[in-house]
Each structure stands twice: as structure tokens, then as C-alpha cells.
Amino acid sequence: MGTTTSATTAATDGATTLADVLVPWFRAHARDLPWRRPETTAWGVLVSEIMLQQTPVARVEEPWRAWLERWPRPSAMAAAPASDVLRAWGKLGYPRRALRLHAAAQAIAADHDDVVPADVETLESLPGIGTYTARAVAAFAHGQRVPVVDTNVRRVVARAVHGDAEAGAAAARDLADVEVLLPRETTDAATMSAALMELGATVCVARGPRCADCPILDRCAWQHRGRPAWDGPVRKAQTWAGTDRQVRGRLLDVLRGAPGPVTAAALEAAWLTDPGQRARCLDSLLVDGLVEPLADGRFALPGEAGDVG
DNA sequence: GACGCGTGGAT
DNA sequence: TATCCAAGCGT
């Protein structure tokens with residue numbers, strides 16, 4: 001980073017746009033994340049985007065490196081059993097993401113010549129790739145000029161453009177909101193999207209925004225309005241202790257930690273508080289395809305026992 | 001549109 | 001210690 005501001009052309013009427021400020025700011029201040037390096041493949045970008053869904057950057061860096069070293073192409077991962085994929089996923093959380101990435105890799109290998117698609121609609125047709133991830137891959141891996149809207153971008157737009165403290169629920173209009181902020185130049189458009197995300201992740205954060213460090217403070221609508229408090233609906237607090245999520249996590253942790261199939265007793269020991277809840281959660285893991293029952297009564301990670309498809 | 005889905009660091 | 005929150009997706 002630290003490159004000089006390479007004459008980002010201002011709008012034809014001479015007005016300085018948001019992109020005129022944020023693109024150079026990004027080039028000077030962006031974190032040096034491994035998936036942003038120029039040698040990163042589209043597959044590497046896709047893997048990073050899936051891992052980063054609801055998971056902080058700091059916890060993704062090392063698993064991402066190991067993942068790309070082990071499975072440098074979609075076909076490599078496609079050939080691995082799901083059990084290997086789930087163990088490599090480790091404790092990143094939301095393991096259904098790993099299963100969907102596995103399925104996406106198989107589809108890319110089988111139907112797309114092992115090349116990560118560049119078309120938003122095609123990307124969205126793949127498992128685990130939704131509105132955000134499809135556009136992130138199209139923009140960051142393939143340089144397309146498409147709006148990329150995640151929770152950071154929605155917060156930045158809510159504040160800087162709409163003058164609200166928080167973004168509220170995601171809406172279809174979010175894409176159009178951001179599209180008008182993108183510069184005409186395709187390459188700069190992708191950088192602008194990355195800049196909006198970076199600003200939201202490092203400066204315009206949810207709690208305790210560092211407005212003194214903000215490059216667009218002088219044109220922030222929220223600032224101009226005196227930074228009024230959020231008066232919209234309050235998000236429901238996440239509960240954790242005793243939830244099915246916790247129980248599922250415990251059960252899966254037993255499977256991941258074992259070298260092979262485990263007994264029903266081993267899973268029962270993972271959650272003694274409420275046997276009914278434990279049974280219900282194990283069943284939901286079976287439904288999700290995260291666990292497989294064996295004929296002898298034991299349980300295994302999918303594909304682990306050699307029972308292919 | 002609301003809900004369920006893991007995990008762990010920050011405050 | 002408890003709560004908040006983190007580059008969403010599928011149902």
C-alpha cells in the first residue's frame with residue numbers, strides 16, 4: 001500500500017465524488033489481507049468470501065492459507081470427502097458453509113471447467129453463494145462493475161448518505177443505493193466497493209465509530225445531523241447458552257475431534273443437560289447432512305465411512 | 001421478512 | 001460476567 005493517489009478523474013462537472021476520496025484512501029490505508037494480493041485466484045477469493053460470512057477477518061487468515069495450499073483448485077476440493085472438508089473447516093463456525101462450498105466446488109469442477117464463474121447469475125446459482133458473495137466474487141476476482149453490499153457497506157451508506165446511525169434491515173434498494181456511488185471506470189468500481197467495506201470495517205464501525213479518522217467526515221450526512229441516535233427497530237439479542245446451536249456445535253466438535261466414527265454414547269456424553277434436546281439436535285445434523293448414521297449404530301462425518309454418495 | 005445457524009474476541 | 005457483534009445464506 002502507500003501508493004500515491006493516481007489521478008482518479010473527478011466527475012465531468014468538476015465536483016469531487018465520494019469515490020474520488022475513498023479510492024485513494026483505500027489505496028493508502030487498506031489492510032494487507034492475503035486474499036487481496038494480486039496473485040490470488042478467483043477460487044481463493046471465493047473461499048475467502050465464504051469463510052468471511054459472519055466470521056471475523058482475524059479468524060479466517062490462517063485457515064484460508066491452509067485451505068488454498070491443500071486445495072488450490074475447485075476440483076481438488078471436490079475430490080475430497082466431506083469429512084475432510086469439515087475437519088479443515090475446523091472451528092470457523094456455521095459448518096453448513098463448508099458443505100455448501102464443497103458442493104459449489106463440485107459444480108464448478110463438473111459444469112464450469114474448474115473455473116470460478118464471473119457472471120453474477122451463474123454465481124448465485126451455486127450453493128452457499130447469495131446476493132453479496134456473488135457480487136463480491138464478480139468484482140474482486142473478475143473486476144466487474146457491480147455493487148457489492150455487505151453489512152459494512154449498508155452501515156456506511158446509512159450514515160454517510162442517509163444520515164442514520166444504523167442501517168436497519170437489508171432491502172432490495174441497497175444495491176441501487178451503492179450502484180450510484182460507483183465510479184464509471186470498471187477497475188475503480190471494484191476498488192470503491194472494497195473501500196466502502198474497509199471504511200465500515202475499520203473506521204465506520206458498529207460500536208464506537210472513529211469519526212476523527214474518517215476521510216469523508218466533512219460530507220457525512222449523519223455527522224451533519226449531529227449524529228442522532230438510532231430510532232429504528234432494535235435488533236434482537238443473540239442468545240447462546242442452552243440453544244440448539246450450542247448443542248449442535250458440541251456434537252459436531254466430538255465428530256471432528258475423533259479420528260473416525262463415534263458411538264452414540266460418545267455423542268450423548270457431549271450434552272447431558274437435556275437428552276431430548278440432544279436427540280433433536282443430532283437429528284437436525286443428520287437432516288443437514290453434517291452427520292451420517294452407520295448401520296452398526298455409530299455416527300460419522302459425511303463420507304467418512306467410505307459410503308460414497 | 002423473520003428465523004436459525006457456530007464461534008470467540010471485544011467491551 | 002454478560003452482551004454485542006462479525007465480508008450471509010437458505011428456508
Side-chain angles (χ1 to χ4, degrees), chain A residues 26 30-31 33-36 44-64 86 89-101 103-104 123-141 147-156 166-175 178 190 193-202 204-210 230 233-256 270-271 277 280-281 283-285 287-291:
Chain A
F26 179 80
R31 293 166 293 175
L33 303 175
W35 43 86
R36 284 178 175 167
V45 171
L46 172 57
V47 172
S48 77
E49 294 299 343
I50 300 293
M51 288 183 168
L52 287 163
Q53 291 171 2
Q54 300 287 283
T55 302
V57 164
R59 284 179 37 212
V60 166
E61 295 202 43
E62 284 314 307
W64 181 85
L86 287 170
W89 193 258
K91 308 203 79 169
L92 278 175
Y94 291 146
R96 294 188 297 188
R97 290 182 294 167
L99 240 38
R100 290 172 183 149
L101 179 57
L123 285 162
E124 282 183 327
S125 74
L126 296 171
I129 300 185
T131 305
Y132 162 76
T133 304
R135 285 163 182 78
V137 171
F140 304 145
V148 182
V149 183
D150 73 338
T151 187
N152 290 306
V153 174
R154 293 197 309 110
R155 185 173 53 251
V156 169
E166 294 183 24
R173 133 149 216 207
D174 296 340
L175 286 176
V178 173
S193 287
L196 287 167
M197 290 176 63
E198 188 75 358
L199 187 67
T202 64
C204 194
V205 295
R207 275 197 295 182
R210 300 163 43 208
W230 173 243
V234 178
R235 275 195 296 275
K236 261 200 271 188
Q238 288 180 342
T239 57
W240 173 247
T243 60
D244 285 3
R245 285 221 306 272
Q246 183 184 24
V247 178
R248 286 167 54 106
R250 288 278 184 84
L251 295 173
L252 215 47
D253 197 45
V254 171
L255 273 300
R256 273 197 310 263
W271 191 257
Q277 183 185 27
R280 181 176 70 245
C281 289
D283 186 64
S284 75
L285 289 170
V287 170
D288 286 348
L290 286 162
V291 179

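Just so it is clear: chains get the letters A, B, ... in the order the sequence lines come, proteins before strands, and each one is counted from 1. Treat the numbers as computed from the prediction; the structure is a model and nothing was measured.
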Mind checking the P distance from dG6(B) to dT11(C)? Whole angstroms is fine. 15 Å

Among the nucleotides dT7(B), dG8(C), dA7(C), whichever has the atom closest to the side chain of W240(A) is dT7(B)

Please work out which residues in residues 47-56 of chain A have a non-hydrogen atom less than 4.0 Å from an atom of DNA chain B and list them by number. Q54(A), T55(A)

If I pick the P atom on dA7(C) and the same atom on dT11(B), what distance separates them, to the nearest angstrom? 14 Å

Position toward the 5' end of DNA chain C (nearest nucleotide), A206(A) or I129(A): A206(A)

Find the distance L46(A):CG to dA7(C):C1' and express it as a whole number of Å. 13 Å

4.5 Å side-chain heavy-atom contact, R135(A) and V149(A): no

Going from OG1 on T133(A) to CG on L52(A), what distance comes out if it is rounded to the nearest 0.5 angstrom? 9.5 Å

Between A171(A) and L290(A), which residue's closest nucleotide on DNA chain B lies nearer the 5′ terminus? A171(A)

Apply side-chain contact (heavy atoms from CB on, under 4.5 Å) to A134(A) and list each qualifying residue two or more places apart in sequence or on a separate chain. V120(A), L123(A), E124(A), I129(A)

Donor-acceptor pair, R250(A) side chain versus W271(A) backbone, under 3.5 Å? no

Of the candidate nucleotides dC9(C), dT7(B), dA7(C), which contains the atom at the shortest distance from the side chain of R256(A)? dT7(B)

May I ask you to list the residues of residues 93-101 of chain A, by number, that have any heavy atom positioned under 4.0 Å from an atom of DNA chain C? R100(A)

Mind checking if D288(A) touches a base, just sugar-phosphate, or nothing, with heavy atoms under 4.0 Å? nothing

For the atom pair CD (Q246(A)) and SG (C281(A)), what is the distance rounded to the nearest 0.5 Å? 10.0 Å

Atom pair distance, as rounded to whole Å: CH2 in W89(A) and P in dT7(B): 12 Å

Base, sugar-phosphate, or nothing for V57(A), non-hydrogen atoms under 4.0 angstrom? base

Output the rounded distance in Å from NZ (K236(A)) to P (dC4(C)). 13 Å

Looking at dT7(B), dA7(C), dC5(B), which one has an atom nearest to any side-chain atom of M197(A)? dA7(C)

Between the CD1 atom in I50(A) and the CH2 atom in W89(A), the distance rounded to the nearest 0.5 Å is 7.0 Å

Counting the atoms with a prime plus P, OP1 and OP2 as sugar-phosphate, which does R154(A) contact under 4.0 Å by heavy atoms, base, sugar-phosphate, or nothing? nothing

Whole-Å gap separating P (dC5(B)) and CG (L92(A)): 19 Å

Ignoring hydrogens and geometry beyond distance, is the side chain of R207(A) in donor-acceptor contact with the base of dT11(B) at under 3.5 Å? no

Over how many whole Å does the gap from L196(A) atom CG to dA7(C) atom P extend? 13 Å

Before giving the answer on side-chain contact (heavy atoms from CB on, under 4.5 Å), spell out for L33(A) and V57(A) the whole-Å C-alpha distance, their side-chain angles and the decisive distance to 0.1 Å. CA-CA 9 Å; L33(A) 303 175; V57(A) 164; 3.8 Å; yes

Less than 3.5 Å between a donor and an acceptor, one on the side chain of Q238(A) and one on the base of dA2(C), is that the case here? no

Are the side chains of V148(A) and V178(A) in contact, using a 4.5 Å heavy-atom criterion? no

Determine whether F140(A) and E49(A) make a side-chain contact, defined as any pair of heavy atoms from C-beta on separated by less than 4.5 Å. yes

Any R59(A) side-chain N or O less than 4.0 Å from OP1/OP2 of dT7(B): no

Return the value, rounded to whole Å, for the distance between atom CG of L252(A) and atom C1' of dG6(B). 9 Å

Look up atom OH in Y132(A) and atom CE in M197(A), then write down how far apart they are to the nearest 0.5 Å. 3.0 Å

At under 4.0 Å between heavy atoms, what does T243(A) touch on the DNA or RNA strands: base, sugar-phosphate, or nothing? nothing

Spatial distance of atom CD (Q53(A)) from atom OG1 (T151(A)) [nearest 0.5 Å]: 13.0 Å

Can you tell me how far C1' in dG1(B) sits from the matching atom in dG10(C), rounded to whole Å? 13 Å

Would you mind telling me which residue lines up with the more 5' stretch of DNA chain B, A170(A) or R245(A), judged by nearest nucleotide? A170(A)

Whole-Å distance separating the CH2 atom of W35(A) from the P atom of dA7(C): 12 Å

Tell me: CZ of R235(A) to C1' of dA2(B), nearest whole Å? 14 Å

How would you label the contact of A136(A) with the nucleic acid (heavy atoms, under 4.0 Å): base, sugar-phosphate, or nothing? nothing

